[in-house]
Amino acid sequence: MSAPAPSTLAIVDAEPLPRQEEVLTDEALAFVAELHRQFTPRRNELLARRGERRAEIARTSTLDFLPETAAVRADDSWKVAPAPAALNDRRVEITGPTDRKMTINALNSGAKVWLADFEDASAPTWENVVLGQLNLTDAYERRIDFTDPKSGKSYALKSADELATVVMRPRGWHLEERHLQLDGVSVPGALVDFGLYFFHNAQRLIDLGKGPYFYLPKTESHLEARLWNDIFVFAQDYVGIPQGTVRATVLIETITAAYEMEEILYELRDHAAGLNAGRWDYLFSIVKNFRDGGAKFVLPDRNAVTMTAPFMRAYTELLVRTCHKRGAHAIGGMAAFIPSRRDAEVNKVAFEKVKADKDREANDGFDGSWVAHPDLVPIALASFDAVLGEKPNQKDRLREDVSVAPGDLIAIDSLDASPTYDGLRNAVAVGIRYIEAWLRGLGAVAIFNLMEDAATAEISRSQIWQWINADVVFENGEHATADLARKVAAEELAAIREEIGEETFTAGKWQQAHDLLLQVSLDQDYADFLTLPAYEQLR
């Protein structure tokens, strides 16, 4: 008797979307189901391991390079696979969600790479998950256009040789996709995003002279990188493309991953394209992991923690050295400024800051960097052109002058700055505004002239939590308390209501956002990710 056919994925509690049948084909869903069967058990084990490691940090208040992988670090013979032509020059990368307008604008932006984001810049509504996939396929097939219903302005793709190379970012390992289930169990969002994109586009991208390229978010250990590598090996065999076609750039945006950069590249060495130095998620991870560590781990206002802070310099310089030692690209952080159409002086000051930031990265040895808006592409491009000239990258700069001790990466108290009352108010104001937009399905949101994503909300609520639990006293003499946070949040909510008017306020999700921010900021039991309780409310 033959074995019963494996059960298939079920689409659960989801309204049908236009053209969804082009994305959710039987064959694509069968592939995602197989990924789920093969790899979700290991993913679950690794999530449990995160909890164990966090408990160990709570006990010891320290981290170190891993003794069990010392041989990998000491072996100078290994390198990652050479970069494919489409990823050899990455001097400017633009980031953003995969809605139709952004897809066209990002591809046309003049950036070398577009990080097409299903993660922090995209609220994971079913519509965003499915139609984002459709938009990318339409772009590769050159059947995408967009007319803005408000302005009437039309958008269309430039010629193929002018378009950015796409590097797609799936969701982090902690998130589920509740609308796709196998035998009543939700499939990890990462496998849904990766699986649908890879299945539909791997061969199509090869035919275009590129390939299936990915950014891997929220990685916490080399074992998580090993899991991704095994997924890539399986996926390439499944669709019949050569091993090594996939390329992955790993975001070093957790403090634990910063201690395992070489091991992460080693695990992915046949598929590795580089590492990226993030900022807000990295700081969020420091707060999350060292929240029991006392005063020496208390971060000041987020805007006071620039990339020139000693512990951030240690992290970024170690990243450049590690990448170049192993033949990988080192990609710098985000310039999040959104140019004002009304205030030239604001733009002038901000552009000078962006230029200084990108000049520093280029001079430190980075091979490229991120921007959030097309107007910043020329600024970042000029900074890297000045250093690179005609060269596609500067991987030949080995930065052997860099020496980072384990304690340097967590020397938070080396920064001469303290939390302020204005910092608390800003964290509350930004947190409420971002969460409200996220609950409406928007993941990339312009707030106070900056493009913010979920990492912003994570660091905002984490700082509120940390300051209260560390009994911080602000410069005005006020103690950081739950009552003070509630008072500030009530004032911010009232100010928003007055600013936007009763009708718009009522139509939004402002009270819900206010309540959720306070929940994750004030609960004694710190939530691992804000997006977990938020996803329960996302409809």
Side-chain angles (χ1 to χ4, degrees), residues 57-58 61 255 279-313 336 346 349-350 353 410-436 447-450 452 455-500 510-511 513-527 530:
I57 294 169
S61 286
I255 186 61
R279 182 167 160 208
W280 297 144
D281 261 324
Y282 188 73
L283 296 177
F284 155 53
S285 173
I286 290 173
V287 175
K288 174 163 47 174
N289 280 287
F290 289 93
R291 62 184 185 266
D292 318 293
K296 71 176 185 173
F297 290 105
V298 172
L299 285 171
D301 302 0
R302 69 170 179 136
N303 292 323
V305 190
T306 66
M307 296 308 250
T308 59
F311 69 98
M312 297 299 277
R313 289 289 288 162
V346 165
V349 172
K353 284 183 179 174
I410 49 173
I412 312 305
D413 53 357
S414 65
L415 184 60
D416 185 22
S418 300
T420 69
Y421 180 78
D422 281 346
L424 173 68
R425 187 168 285 283
N426 180 262
V428 170
V430 171
I432 291 174
R433 283 168 169 80
Y434 181 81
I435 294 169
E436 192 277 335
I447 303 172
F448 306 147
N449 285 112
L450 295 174
E452 308 288 18
T456 307
E458 291 286 24
I459 184 61
S460 294
R461 64 96 181 189
S462 297
Q463 293 207 281
I464 298 166
W465 192 99
Q466 185 185 48
W467 295 345
I468 291 169
N469 283 273
D471 194 25
V472 162
V473 181
F474 297 120
E475 78 291 349
N476 64 357
E478 292 210 60
H479 281 255
T481 63
D483 283 344
L484 180 62
R486 290 189 194 98
K487 172 176 167 283
V488 171
E491 290 168 357
E492 284 299 324
L493 197 62
I496 291 166
R497 186 193 294 263
E498 187 169 334
E499 177 191 327
I500 65 177
W510 294 102
Q511 187 66 49
H514 162 280
D515 294 351
L516 183 55
L517 177 70
L518 288 181
Q519 175 191 325
V520 294
S521 301
L522 303 184
D523 272 6
Q524 201 52 47
D525 188 14
Y526 179 95
L530 156 71

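When a residue number appears, it is its place in the shown sequence, counting from 1.
Residues Arg291 and Phe297 have side chains not in contact (no heavy-atom distance under 4.5 Å, counting atoms from C-beta outward). The shortest side-chain heavy-atom distance between Lys296 and Ile410 does not fall under the 4.5 Å cut-off. Residues Leu299 and Ile412 are in side-chain contact: their nearest non-hydrogen atoms beyond the backbone lie under 4.5 Å apart. Within the 4.5 Å cutoff, the side chain of Val473 has no heavy atoms near those of the Glu478 side chain. Taking 4.5 Å as the limit, some side-chain heavy atom of Leu522 sits within range of a side-chain heavy atom of Ile468. Put simply, the side chain of Gln463 does not reach to within 4.5 Å of the side chain of Leu424, judged on heavy atoms. Side-chain contact check for Ser61 versus Asp292: every heavy-atom pair is 4.5 Å or farther apart. For the pair Thr456/Tyr434, no side-chain contact is recorded, criterion being any heavy-atom separation below 4.5 Å from C-beta on.
Taking each heavy atom of Ala489 and Val428 in turn, the nearest pair found is CA-CG1, 3.6 Å. Of all the heavy atoms in His514 and Ile432, the pair that sits closest is CA-CG1, 4.1 Å. Between Arg461 and Leu530 the shortest heavy-atom distance is NH2-N, 3.4 Å. Residues Thr420 and Trp467 come closest through the heavy atom pair O-CZ3, 4.2 Å. Scanning all heavy atoms of the two residues, the minimum distance from Ala513 to Glu436 falls at CB-N, 3.4 Å. Among all heavy-atom pairs drawn from Val305 and Met312, the shortest one is CG1-CG, 4.2 Å.
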side-chain contact (heavy atoms from CB on, under 4.5 Å) evaluation trace for Ile496 with Arg433 | CA-CA 9 Å; Ile496 291 166; Arg433 283 168 169 80; 3.5 Å; yes
Can you list the steps and then say if Asp281 with Ser285 is a side-chain hydrogen bond (donor to acceptor under 3.5 Å, both in side chains)?
-> CA-CA 6 Å; Asp281 261 324; Ser285 173; over 6 Å; no
Full working for salt bridge (charged side-chain N to carboxylate O under 4.0 Å, His left out) between Arg486 and Glu492 | CA-CA 10 Å; Arg486 290 189 194 98; Glu492 284 299 324; over 6 Å; no
Test log, rule side-chain contact (heavy atoms from CB on, under 4.5 Å), inputs Ile255 and Ile57 = CA-CA 11 Å; Ile255 186 61; Ile57 294 169; 5.5 Å; no
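With sequence neighbours excluded, no residue satisfies salt bridge (charged side-chain N to carboxylate O under 4.0 Å, His left out) with Arg279. Not a single salt bridge (charged side-chain N to carboxylate O under 4.0 Å, His left out) links Asp416 to another residue, sequence neighbours left out. For Trp465, the ring pair (Phe, Tyr, Trp, His ring centres under 6.0 Å) criterion is met by Tyr526, not counting sequence neighbours.
One distance of note links OG1 of Thr306 with NZ of Lys353; it measures 10.5 Å at 0.5 Å rounding. In this structure, CG on Asp301 lies 8.0 Å from CZ on Phe474, to the nearest 0.5 angstrom. Atom OG in Ser521 sits 10.5 Å away from atom CG in Asn469 (nearest 0.5 Å).
One finds no salt bridge joining Lys288 and Glu458 here, because no Lys/Arg side-chain nitrogen approaches an Asp/Glu carboxylate oxygen to under 4.0 Å.
Within a 6.0 Å radius of CD in Glu498, no more than 12 heavy atoms belonging to other residues, nucleotides or ligands are found.
A cation-pi geometry, defined here as NZ or CZ lying under 6.0 Å from the six-membered ring centre and within 45° of its normal, does not hold between Arg497 and Trp510.
For Gln519 and Asp515, the side-chain atoms include no donor-acceptor pair closer than 3.5 Å.
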